[in-house]
Amino acid sequence: MSTSIFDVLKERGYIAQCTNEDEVRKMLANEKVTFYIGFDPTADSLHVGHFLGLMVMAHMQRAGHRPICLVGGGTGTVGDPSGRTDMRKMLTDEDIEYNCNRFKEQMARFIDFSDDKALIVNNGDWLRKLNYIELLRDVGPHFTVNRMLTAECYKNRMEKGLTFLEFNYMIMQSYDFLELHRRYNLKLEMGGDDQWSNIIGGVELTRRKTGDAVYGLTFTLLTKSDGKKMGKTAGGALWLDKEKTPVYDFYQYWRNVDDADVEKCLALLTFLPMEEVHRLGSLQDAAINEAKKVLAYEVTKLVHGQEEADKAQAAAEAVFGGSGSNENMPTIQLTAENEGQKLLDILVGAQVFESKGEGRRLIKQNGLSLNDAKLADPDYVLTDGDFTDGEAIVRKGKKKFYRLVK
RNA sequence: GGGUAGGUGCCCGAGUGGUUAAAGGGAACGGACUGUAAAUCCGUCGCCGUAGGCUACGAUGGUUCGAAUCCAUCCCUGCCCA
């Protein structure tokens with residue numbers, strides 16, 4: 001470990017802020033470091049934002065360090081106010097436990113947990129046992145409210161109202177750091193850049209309580225060149241669970257990123273060597289599609305495995321390249337019930353449209369095709385003639401394709 | 001607890017008795033253009049539908065021919081005072 005993983009992370013553009021760059025670089029070069037990233041179980045799947053953190057973890061683990069995935073079974077009950085203008089809805093204990101388990105399954109795809117090379121812990125294990133008075137006396141004196149109030153993460157909420165419940169989030173997260181330091185000699189907390197305030201809190205608390213040198217490091221948030229959050233789709237977040245975001249859609253998301261974001265995404269979301277990343281990123285005009293294909297394939301492969309990535313790629317080729325089979329296209333299986341139904345109703349039933357009105361509108365606007373021919377009649381009923389080898393292709397808009405199978 | 005300002009469609013935000021399914025902006029969606037990109041332009045953007053109807057402006061009741069707009073009660077939030 002003579003070269004520091006720090007420089008790798010830096011070169012790939014992960015690093016946003018660090019409590020002490022020189023010392024962290026040195027530490028990561030010279031010793032095996034145990035570090036953690038926290039994930040709050042606010043949904044039943046991880047999404048691309050989390051994926052970025054997992055990439056960081058994977059890089060670190062490959063460099064010989066030991067990741068701890070902290071799932072927030074305790075903090076998740078409170079809700080992190082960072083950067084939010086509204087309060088998170090309260091989750092039940094059952095929700096949180098369920099979500100924690102989903103997280104674990106997904107994480108195992110990226111991180112090697114064998115032989116304790118990485119750990120998953122749940123902060124509910126210690127946070128839930130805390131005694132209020134003891135906690136207050138233990139950590140309370142190390143935080144000043146004045147200081148906390150100036151934290152960037154509360155800024156939005158200072159205008160809209162910050163509850164005491166959420167105000168305590170920082171304390172809990174800080175306590176996690178201290179606890180992990182005590183249990184595992186953990187020395188570094190990482191997180192998205194929006195976690196900076198919370199991470200600082202943990203670093204300072206641990207230093208004050210133990211006198212040990214510990215550090216914090218944040219990574220870039222995945223944003224588009226226009227500053228908006230990346231990974232937003234019409235249906236919300238881009239999930240890592242294929243039940244929530246079909247693999248094909250996942251692939252297409254990356255296939256369609258803005259030109260300006262391709263290089264950054266390749267660096268952050270794949271393990272391709274940086275020379276290759278630069279080469280692909282420097283492609284111009286239509287040629288950059290090549291880079292997008294690589295990006296989509298690589299990211300999909302990491303998240304869903306090679307087999308799924310191949311399928312998604314094949315489906316995309318079939319649709320846009322005009323070759324290959326349709327069998328991996330998003331498919332709608334028709335049933336006897338669909339017999340005689342309007343195509344529109346079938347598509348609404350398959351959630352291609354959210355409502356009939358939306359479908360009608362789309363048809364009126366020339367946005368729906370059946371087997372490559374514009375469909376003008378909203379009341380159209382499928383006939384046998386529409387099917388070739390038992391399947392018909394419906395296109396919604398420019399690039400959403402669905403295969404109807406009898 | 002007292003005073004005060006608020007709670008409007010996915011988000012921001014106008015609207016203070018009818019012509020308001022509700023201005024404007026953003027997001028989103030469709031079309032044109034293109035490279036399965038961006039930018040731009042045009043269009044759409046509650047639900048069902050031929051007309052027309054239904055549901056909606058924190059909640060519940062009320063006044064009225066008619067309410068997002070007025071009244072009452074309640075819930076929630078900001079700010080000031082205690």
Side-chain angles (χ1 to χ4, degrees), chain A residues 81 83-90 149 154-167 223-238 248-266 280-297 299-300 312-324 326 328-330 342 344-345 347-349 351-370 372-379 393-402:
Chain A
R84 294 179 63 96
T85 52
D86 58 329
M87 191 157 109
R88 285 183 195 275
K89 71 169 195 183
M90 295 269 221
L149 286 174
Y154 296 134
K155 219 170 107 194
N156 281 330
R157 300 305 291 282
M158 290 309 286
E159 285 151 29
K160 291 264 185 177
L162 174 71
T163 60
F164 188 65
L165 174 80
E166 295 172 286
F167 188 53
T223 53
K224 299 207 278 188
S225 49
D226 59 11
K228 288 182 198 121
K229 262 192 191 166
M230 196 172 251
K232 290 285 170 204
T233 65
L238 194 63
Y248 176 79
D249 292 346
F250 186 86
Y251 178 93
Q252 282 299 130
Y253 181 87
W254 301 109
R255 178 62 186 80
N256 284 307
V257 294
D258 293 2
D259 288 7
D261 298 321
V262 174
E263 184 161 344
K264 180 171 66 187
C265 289
L266 283 166
L280 290 168
S282 63
L283 294 173
Q284 292 298 308
D285 302 321
I288 202 166
N289 279 319
E290 212 39 57
K292 292 185 188 180
K293 282 182 194 167
V294 173
L295 172 67
Y297 182 73
V299 179
T300 307
Q313 190 180 45
E317 286 297 323
V319 167
F320 296 102
S323 64
N326 294 325
N328 294 307
M329 205 182 281
K342 289 176 189 170
L344 179 62
D345 292 329
L347 295 178
V348 171
Q351 299 190 321
V352 171
F353 299 127
E354 289 200 12
S355 67
K356 286 192 202 177
E358 185 190 311
R360 278 172 194 285
R361 198 180 305 134
L362 193 95
I363 290 170
K364 202 185 299 169
Q365 293 180 125
N366 244 342
L368 195 75
S369 303
L370 174 62
D372 249 354
K374 294 284 184 198
L375 189 78
D377 178 13
D379 296 320
I393 304 299
V394 167
R395 177 161 67 115
K396 171 191 171 191
K398 252 178 292 220
K399 47 196 183 189
K400 305 248 174 57
F401 289 80
Y402 302 91

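Predicted model, so just to flag it, every value in this text is computed and none were measured. Computed over heavy atoms, backbone and side chain alike; hydrogens, waters and symmetry mates excluded. In what follows, every chain begins at residue 1, and chains take the letters A, B, ... in the order their sequences are listed.
- Nearest to the side-chain atoms of A/K398 among the listed nucleotides B/U34, B/C48, B/A37 stands B/U34.
- Across all strands shown, B/A59 is found opposite B/U73 as a Watson-Crick or G-U wobble partner, with both distances under 3.5 Å.
- Side-chain N or O atoms of A/Y297 include none that pairs as donor or acceptor with a backbone N or O of A/Q313 at under 3.5 Å.
- Looking at heavy-atom distances under 4.0 Å, A/V262 makes no contact with the nucleic acid at all.
- Base engagement by A/K292 is indicated by at least one non-hydrogen atom pair under 4.0 Å involving a base atom.
- A donor-acceptor pair shorter than 3.5 Å can be found between the side chains of A/E166 and A/T163.
- Heavy atoms of A/Q252 sit under 4.0 angstrom from at least one base atom.
- Remark: the separation of the C1' atoms in B/A67 and B/G18 is 9 Å, to the nearest Å.
- Using C1' as the reference atom, B/C29 and B/C45 are 7 Å apart when rounded to the nearest Å.
- The base-pairing partner of B/U40, taking Watson-Crick or G-U wobble contacts with both distances under 3.5 Å, is B/A32.
- Using cut-offs of 30° and 60° on the angle between ring planes, the pair A/F401 and A/F320 is perpendicular.
- Side-chain nitrogen and oxygen atoms of A/S355 include none within less than 4.0 Å of the OP1 or OP2 phosphate oxygen of B/G46.
- With B/G35, B/A37, B/G31 as the choices, the nucleotide that has an atom nearest any side-chain atom of A/A286 turns out to be B/G35.
- A/R395 contributes a side-chain N or O that, together with a main-chain N or O of A/K398, makes up a donor-acceptor pair within less than 3.5 Å.
- Checking the phosphate oxygens (OP1, OP2) of B/G30, no side-chain nitrogen or oxygen of A/R360 falls inside 4.0 Å.
- Contacts of A/L368 with the nucleic acid, taken as non-hydrogen atoms under 4.0 Å apart, are absent.
- Side-chain nitrogen and oxygen atoms of A/K396 include none within less than 4.0 Å of the OP1 or OP2 phosphate oxygen of B/C29.
- Other residues, nucleotides and ligands contribute more than 12 heavy atoms inside 6.0 Å of the CG atom of A/D377.
- One can place CG of A/L362 at 18 Å from P of B/G43, the figure rounded to the nearest angstrom.
- Using P as the reference atom, B/A21 and B/G46 are 13 Å apart when rounded to the nearest Å.
- With rounding to whole Å, A/I288 atom CD1 is found 8 Å from B/A37 atom C1'.
- Between B/G58 and B/A82, the distance separating the two P atoms is 33 Å to the nearest Å.
- Atom name P, nucleotides B/U20 and B/A72: the rounded distance is 29 Å, in whole Å.
- When the P atom is compared between B/U8 and B/U60, the two are found 16 Å apart, to the nearest whole Å.
- Under the Watson-Crick and G-U wobble criteria, each requiring two contacts below 3.5 Å, nucleotide B/A68 is left unpaired.
- By the 4.5 Å heavy-atom criterion applied to side chains, A/L149 and A/Y154 are not counted as neighbours.
- B/G78 is paired with B/U4 under the criterion used here, namely a Watson-Crick or G-U wobble arrangement in which both key atom distances are under 3.5 Å.
- In this structure, of B/A38, B/G35, B/G31, it is B/G35 that holds the atom nearest to the side chain of A/N289.
- Using atom P as the reference point in both B/C10 and B/U4, the two lie 33 Å apart (nearest Å).
- The interatomic distance linking A/K342 (NZ) with B/U50 (C1') rounds to 11 Å, in whole Å.
- Crowding of A/K364 atom NZ: a count of heavy atoms from other residues, nucleotides or ligands under 6.0 Å not exceeding 12.
- Under the Watson-Crick or G-U wobble criterion, with both distances below 3.5 Å, B/A27 has no partner in any strand shown.
- Counting to the nearest Å, the C1' atom of B/A37 and the CG atom of A/L266 are 14 Å from each other.
- Distance CZ (A/F353) to P (B/A28): 19 Å, rounded to an integer number of Å.
- In terms of position along RNA chain B, the nucleotide closest to A/D285 lies nearer the 5' end than the nucleotide closest to the other residue of the pair A/D285 and A/G357.
- Listed candidates were B/G31, B/A37, B/C45. Nearest to the side chain of A/R361 is B/C45.
- Across the strands present, B/C47 finds its partner in B/G53; the criterion is a Watson-Crick or G-U wobble pair with both atom distances under 3.5 angstrom.
- Heavy-atom nearest nucleotides on RNA chain B were determined for A/R395 and for A/Q284, and the one closer to the 5' end corresponds to A/R395.
- Distances from the side chain of A/K400 to the nucleotides B/C33, B/G30, B/G35 place B/G30 closest.
- Distance noted for atom P between B/A27 and B/U40: 9 Å (whole Å).
- Checked by distance alone, A/Q365 brings no side-chain donor or acceptor within 3.5 Å of a matching partner on the base of B/G31.
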